[in-house]
Engineer: 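Just passing along the structure, written as structure tokens.
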Amino acid sequence: MSWLPLSFGAPMVLWGLLALPVIWWLLRLTPPKPQTEVFPPLKILARVLKREETPQQSPWWLTLLRLLMAALIVAALAEPVFNPREKLPAEGAALALVIDNDWASAADWGKRVATAQRLIADAGSNGVPVVIAFTAEKPNAEIGPFDAATALDRLRAAKPRPIPTDRPAVYARVAGVLETLPGASVAVLADGLAAKGDEAAFNTLLSKNAARVVWASSDRLALTGLTGAENQVDGFALTAIRAPGDPAPAQVTAGAFDDKGRRIADATLTFAPGENTATGTMAVPFELRNDFASIALDGERQAGAVRVLDESSKRRRVGLLSQAEADQAQPLLSPLYYIRRALQPFADLVEPSSADLADAIPQLLDQKPAMIVMADIGTIPPQVRQRLVDWVDNGGTLVRFAGSRLAAAGNDDDLLPVRLRTGERSLGGSLSWTTPQPVTEFPKNGPFADLAPPAEVTVSRQVLAEPTPDIVERTWATLADGTPLVTGLKKGKGTLVLFHVTPEATWSTLPISGSFVEMLRRIVQLSRNQGAAVANAEAAATSLAPYRMIAADGALVPPTPDARPLVPVAGPLPVTFENPPGLYGSETGVFAHNLLDPATVFAPLVRPQFTVPVTNVQYAFDESRDLKGPLVTAALVLMLLDTLAVFWMGGLLSRRPRRARTAAATTAALLLGLGMLFGHADLARADDAKPGDAAAIEDIAKTRIAYVLTGVPGDDSISRAGLEGLTRFLIEKTALEPGAPAGVDISKDELSFYPLIYWPIDPSAPMPSEAAIARIDAYMQQGGTVLFDTRDQFANGRGADSASPATERLRDILGNLNVPPLEPVPADHVLTKSFFILPEFPGRFAGSPLWVEASLDASNAENRPVRVGDGVSPILITANDFAGAWAVDENGDPLLPTVPSDPMQRIYALRAGVNIMMYMLTGNYKSDQVHVPILLERLGQ
């Protein structure tokens with residue numbers, strides 16, 4: 001039952017909505033009024049006591065709430081579905097799902113999976129087994145039949161592959177399974193792209209017990225692929241194709257990426273109206289083109305829009321050939337010396353290992369060079385001549401330089417751009433009427449047209465060309481007298497070039513000029529790579545290992561476990577499951593194996609003629625939404641609201657606000673009292689807060705030990721690390737949990753927040769000002785304690801009057817303070833037993849006494865274990881470097897060694913710090929222990 005856009009799985013349950021009026025009547029039913037007998041004395045109480053009134057019926061809004069809750073429950077039991085989908089025909093003996101998961105399906109793979117999930121779900125609800133097969137998977141992949149749950153698992157595990165479909169083989173396997181399942185439903189989830197053998201594949205699939213067909217397709221075939229990327233003279237020439245049927249013009253952008261994935265060039269390709277092929281050029285410098293590793297179309301997330309490049313698309317491989325033998329003895333006279341120097345920056349140079357032309361030329365041709373340079377080569381051996389001619393006709397560039405051997409050899413129409421006169425011409429000799437000739441303007445029809453003529457170049461000897469009608473068209477450079485210097489000719493797909501002078505500086509000064517390098521560079525750009533050469537180490541190998549693969553979405557990824565080595569052969573290589581597109585080889589050299597070749601065209605898949613019922617569906621996500629859960633949730637929320645309403649009406653919630661208001665008022669009064677007690681206006685009125693109050697509250701929130709910032713970075717860091725170590729020890733051994741140590745500037749910071757201030761004395765630190773010392777003096781008079789540490793136990797002199805610089809500085813500081821009389825800590829002082837029993841107070845050093853305020857008026861020492869004068873001393877002085885012994889790093893390890901190196905000395909130092917803190921915080925509480933017997937006696941104990 002379906003009322004778009006809403007349908008119900010159990011519509012008969014909706015008849016339960018007819019019961020809502022009955023529920024309304026029951027909720028609004030008024031019971032009969034009870035009979036009342038009046039007792040006269042109670043009338044007086046009735047006027048005094050508040051009458052508890054019970055409504056005769058529920059409020060209208062509560063009744064409406066309950067009716068709505070009941071309606072939601074009835075609607076939820078009816079299994080409503082918003083935007084319901086059409087149920088697909090997944091009936092019969094089985095459901096056979098054949099899914100294209102090739103590269104063309106990668107862009108909308110999610111929609112295909114959603115469509116297949118709906119088919120499998122319908123098959124599962126009908127109890128029908130599922131045969132599921134993918135056309136771009138392993139040839140021996142299992143296809144079922146499976147139950148619906150297993151089929152869903154296999155569907156979720158599948159993914160698009162960067163290879164073409166193999167419909168004939170897969171459809172034949174599915175047809176073989178359907179022979180035992182008569183009356184099965186067949187669902188074809190195709191990619192929309194036609195392939196070879198489709199007609200026979202569909203005939204095989206549908207000829208075996210297919211009772212009905214589900215044909216799933218996209219709205220249109222929207223694919224754009226990159227079929228060509230060729231490194232030409234003026235840039236990278238790109239060719240893109242699109243599926244037919246789109247008459248509108250379109251533009252696509254291609255980006256070039258280096259081997260690290262960085263975008264380094266762009267190009268725009270335009271499809272003319274009604275055209276399915278577009279071309280464009282990445283006009284970037286030749287050197288930058290050599291960095292191209294891949295080219296991809298923007299916005300196309302599929303493998304057909306990506307082409308990887310190998311060495312055949314990058315630097316040109318140039319073969320060098322010469323018959324001279326004195327190259328190493330006199331390198332400047334070598335015919336190839338200047339050629340090597342000119343070509344080496346932008347070409348890969350290869351040379352044969354043999355001087356015999358019959359062996360040297362085949363060796364060069366096996367390297368598949370883009371260009372071969374012959375320096376004064378005369379007659380080509382007949383046994384290799386035809387192979388060289390074929391290489392030129394197939395795209396090779398042959399550059400020849402004149403010389404004595406070439407001048408003496410006969411003409412070769414297949415390997416020379418022009419016919420030559422026999423012999424050579426001398427200019428400027430003793431028997432010549434002419435002088436060396438300069439180079440004139442380059443002809444406009446040659447590759448050197450935009451170069452400036454080299455004014456410094458002169459030619460004294462040359463080989464002359466026979467005058468022919470087309471000599472002007474073949475001339476690329478001329479001398480001032482009109483004779484050719486360089487001639488060239490397109491032959492087949494290749495090019496023939498002749499320099500009418502030698503490559504060394506004997507016939508001309510051209511080889512030693514800058515123009516020579518630029519001219520050779522232009523000719524290299526004219527050449528075309530002949531493919532990737534599998535030579536040297538790779539020549540012995542029969543295959544190339546996978547290096548980088550193109551994923552189905554066009555990303556370059558590491559090789560998959562299914563990829564196998566590729567055997568390079570002449571001609572196009574097929575893209576298969578074991579040899580997906582990508583780069584094969586290693587870091588030293590790779591071979592590009594791309595998905596689309598230049599002859600590829602996109603043809604839409606034509607739906608075959610079926611003799612069985614057909615259901616057409618579109619790839620789409622399932623947009624239906626089951627409303628049962630949300631309706632039940634809404635009903636539970638209304639039930640909770642009904643419960644709260646009942647509690648409110650019963651008075652259970654009315655008392656809580658009063659209590660909350662009372663608690664809030666009590667809290668406000670308490671905060672106001674605390675504010676008045678401590679004098680902090682911010683506790684009473686937040687509006688009266690002053691700058692610094694928040695920091696002050698934070699400082700007094702926890703007990704913190706302070707240290708004086710001396711301005712010496714090393715001293716301050718050790719002080720902080722030492723107090724952090726003491727803080728850790730206090731937390732570990734006592735109930736006190738101090739806050740983080742605080743560094744204070746005694747000239748401006750508030751000192752009254754801290755019970756103890758540690759002051760390391762350093763003679764190199766600036767002397768405190770009188771105002772700062774006055775603040776310290778006030779702090780000590782008001783109950784604070786300063787622990788001075790000179791850290792000079794081993795630095796004091798041996799004489800009675802000698803003192804260390806730190807001690808002298810301490811004397812200067814104490815001279816401006818009201819210091820009480822001092823004495824070393826007596827044996828019965830509170831400091832010796834405030835927490836630990838300590839006979840002495842070592843630090844990083846041992847031996848120096850700890851000086852405290854002297855107890856001058858002590859009495860009754862025999863009967864009291866604690867001296868009368870054991871109040872808190874405002875000053876403590878030591879030379880044992882307490883902070884150096886307490887200092888720890890982030891891991892809690894000691895920073896500085898003790899002197900002497902005794903582990904227990906550090907423990908005693910930490911215990912001394914604990915005793916000092918307990919003494920600071922508790923004062924002479926232990927001296928009151930002597931009064932315990934008297935107090936107990938007074939209490940009658």
Side-chain angles (χ1 to χ4, degrees), residues 705 707-708 710 712 714-715 718-719 721-723 725-726 729 756-765 780 785-815 817 819-855 867 870 872-887 894-920:
I705 312 173
Y707 63 93
V708 174
T710 63
V712 180
D715 292 349
I718 292 298
S719 296
L723 295 187
L726 178 59
F729 195 77
L756 176 68
I757 297 177
Y758 176 78
W759 190 339
I761 304 300
D762 191 327
S764 62
M780 295 169 61
T785 299
V786 180
L787 172 57
F788 293 96
D789 193 342
T790 59
R791 304 171 299 168
D792 59 352
Q793 167 62 17
F794 296 109
N796 287 320
R798 296 185 179 272
D801 298 331
S802 63
S804 69
T807 301
E808 292 292 343
R809 173 57 62 86
L810 177 60
R811 290 176 180 174
D812 295 339
I813 295 174
L814 298 183
L817 295 174
V819 179
L822 303 177
E823 66 176 350
V825 174
D828 57 350
H829 198 278
V830 173
L831 272 172
T832 63
K833 54 180 70 68
S834 60
F835 196 88
F836 294 102
I837 304 299
L838 293 177
E840 58 184 5
F841 298 87
R844 185 167 171 242
F845 311 126
S848 173
L850 178 62
W851 294 81
V852 296
E853 181 181 0
S855 302
R867 296 166 64 93
D870 287 337
V872 177
S873 175
I875 182 171
L876 301 174
I877 301 175
T878 185
N880 287 335
D881 190 6
F882 280 165
W886 301 336
L895 285 178
L896 301 174
T898 60
V899 180
S901 180
D902 182 6
M904 287 305 300
Q905 181 173 325
R906 193 181 307 277
I907 300 299
Y908 292 144
L910 290 168
R911 291 179 179 179
V914 173
N915 278 21
I916 292 173
M917 279 302 299
M918 294 297 106
Y919 172 61
M920 294 299 104

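Everything numeric in this text was worked out from a predicted model, so none of it was measured. What you see below is based on every heavy atom in this structure, not just the backbone, and it leaves out hydrogens, waters and symmetry mates.
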Engineer: Quick one: CE on Met918 to CG on Leu831, what's the gap to the nearest 0.5 Å?
Structural biologist: 12.0 Å

Engineer: Rounded to the nearest 0.5 Å, what's the gap from CZ on Phe882 to OG on Ser719? Could you check?
Structural biologist: 13.5 Å

Engineer: For the pair Val712 and Ser764, evaluate side-chain contact (heavy atoms from CB on, under 4.5 Å) and give the outcome as yes or no after the intermediate values.
Structural biologist: CA-CA 8 Å; Val712 180; Ser764 62; 4.1 Å; yes

Engineer: Provide the closest heavy-atom pair for Trp886 versus Gly722 in the form atom of the first, atom of the second, distance.
Structural biologist: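 Heavy-atom minimum between the residues: CB-O, 3.0 Å.
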
Engineer: Show your reasoning for whether side-chain contact (heavy atoms from CB on, under 4.5 Å) applies to Val872 and Met920.
Structural biologist: CA-CA 6 Å; Val872 177; Met920 294 299 104; 3.9 Å; yes

Engineer: Taking all non-hydrogen atoms of both residues, which atom of Ala803 and which atom of Glu808 are closest, and how far apart?
Structural biologist: CB-OE2, 3.5 Å

Engineer: Test Arg809 against Asp762 for side-chain contact (heavy atoms from CB on, under 4.5 Å), laying out the working first.
Structural biologist: CA-CA 8 Å; Arg809 173 57 62 86; Asp762 191 327; over 6 Å; no

Engineer: So, taking the atom named CG in Asn880 and the one named OG1 in Thr790, what distance separates them when rounded to the nearest 0.5 Å?
Structural biologist: 8.5 Å

Engineer: CD1 of Ile761 to OG1 of Thr878: how many Å apart, nearest 0.5 Å?
Structural biologist: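 It is 12.0 Å, given to the nearest 0.5 Å.
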
Engineer: Could you pull out the closest heavy-atom pair between Glu853 and Pro874, with the gap in Å?
Structural biologist: OE1-CD, 3.1 Å

Engineer: Taking all non-hydrogen atoms of both residues into account, name the closest pair between Gln905 and Ala846 and its distance.
Structural biologist: NE2-N, 3.8 Å

Engineer: So which atom in Ile875 and which in Met780 form the shortest heavy-atom distance, rounded to 0.1 Å?
Structural biologist: CB-CE, 3.7 Å

Engineer: On a heavy-atom basis, which atom in Ala885 and which in Gly843 lie closest, and how many Å separate them?
Structural biologist: CB-C, 3.5 Å

Engineer: Taking atom OH of Tyr908 as the centre, does the number of heavy atoms from other residues, nucleotides or ligands within less than 6.0 Å exceed 12?
Structural biologist: no

Engineer: Where does the angle between the aromatic ring planes of Phe794 and Phe845 fall among parallel (under 30°), tilted (30 to 60°) and perpendicular (over 60°)?
Structural biologist: perpendicular

Engineer: Would you check if the side chain of Tyr919 reaches a backbone N or O of Ser873 as a donor-acceptor pair within less than 3.5 Å?
Structural biologist: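 Checking the backbone N and O of Ser873 against the side chain of Tyr919, a donor-acceptor pair under 3.5 Å is found.
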
Engineer: Is a donor on one side and an acceptor on the other found under 3.5 Å between the side chain of Glu823 and the backbone of Trp851?
Structural biologist: no

Engineer: Do side-chain atoms of Glu840 reach the backbone of Gly847 as a donor and acceptor pair under 3.5 angstrom?
Structural biologist: no

Engineer: Give me the one residue out of Ile877, Leu876, Val852 that meets side-chain contact (heavy atoms from CB on, under 4.5 Å) with Leu822.
Structural biologist: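 By the side-chain contact (heavy atoms from CB on, under 4.5 Å) criterion, Leu822 pairs with just one of Ile877, Leu876, Val852: Ile877.
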
Engineer: At what distance, to the nearest 0.5 angstrom, does CD1 of Ile837 lie from OG1 of Thr832?
Structural biologist: 6.5 Å

Engineer: Whether the side chain of Asp792 engages the backbone of Ala879 through a donor-acceptor N/O pair (distance < 3.5 Å, no angle test) should be reported.
Structural biologist: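 Between the backbone of Ala879 and the side chain of Asp792 there is no qualifying donor-acceptor contact (under 3.5 Å).
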
Engineer: Quick check for you: to the nearest 0.5 Å, what is the distance between Ile757 atom CD1 and Phe788 atom CZ?
Structural biologist: 9.0 Å

Engineer: Report the C-alpha separation of Gln793 and Val899 in whole Å, then their side-chain angles, then the decisive distance to 0.1 Å, and conclude whether the side-chain contact (heavy atoms from CB on, under 4.5 Å) test is met.
Structural biologist: CA-CA 10 Å; Gln793 167 62 17; Val899 180; over 6 Å; no

